[in-house]
Amino acid sequence: IGGIVGAVIAKAGASTITCAGSTSGPTVKASDRKLALNRAYEACTYLKGKVKTLTEFNVEAKTTKINAANIRRVVVSFSTN
């Protein structure tokens, strides 16, 4: 994730990123929220280590009962304060 996303974030001069981790499954359990948060945290931590302009990051967790592989992801958004 770091190569392309990191380059875009660095080029934009972003100082803050938000990583939203997602999970999916037939039911929503407490462990799903934890997994989604862990996905988001790891992605943001990785990017913060690669992009020197970043000063802070936020993480969010999203869970759904829709069972699809394309929902199990991390979406990164950024802003230039």
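Note: hydrogens, waters and symmetry copies are ignored here, and every other heavy atom, side chains too, is used. Since the model is a prediction, treat every value here as computed from it, not as a measurement.
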- Message: Looking at every heavy atom in both V76 and C19, which two are closest together, and how far apart are they?
- Response: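 For V76 versus C19, the nearest heavy atoms are CG2-SG, 4.0 Å.
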
- Message: Which heavy atom of N58 sits nearest to which heavy atom of C44, and what is that distance?
- Response: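 Closest pair (atom of N58, atom of C44, distance): O-SG, 3.7 Å.
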
Once ring-ring contact (aromatic ring centres under 6.0 Å, His included) is applied, what residue pairs with a partner in [range] remain, sequence neighbours excluded?
| range | value |
| --- | --- |
| residues 3-29 | none |
| residues 47-79 | Y41-F57 |
| residues 14-39 | none |

- Query: Can you tell if the side chain of R73 reaches within under 4.5 Å of the side chain of V75, non-hydrogen atoms only?
  - Reply: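 Answer yes - side chains close enough.
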
- So do L47 and I17 actually touch side chain to side chain, heavy atoms under 4.5 Å?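 Yes - at least one pair of side-chain heavy atoms lies under 4.5 Å apart.
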
- Item | Spatial distance of atom NZ (K48) from atom OG1 (T53) [nearest 0.5 Å] |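 These two atoms lie 10.0 Å from each other.
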
- So how far is it from E60 CD to R33 CZ, rounded to the nearest 0.5 Å?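 Reported value, rounded in 0.5 Å steps: 9.5 Å.
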
Determine all donor-acceptor pairs shorter than 3.5 Å in which one atom belongs to a side chain in residues 21-29; sequence neighbours excluded.
residue	atom	partner	partner atom	Å
S24	OG	I66	O	3.3
S24	OG	A68	N	3.4
S24	OG	A68	O	3.2
S24	OG	R72	NE	3.2

- List the steps, then state whether side-chain contact (heavy atoms from CB on, under 4.5 Å) holds for L54 with K52. CA-CA 5 Å; L54 295 177; K52 301 305 175 202; over 6 Å; no

- Kindly indicate, with the supporting measurements, whether the criterion side-chain contact (heavy atoms from CB on, under 4.5 Å) is fulfilled by S15 and T55. CA-CA 5 Å; S15 57; T55 57; 4.0 Å; yes

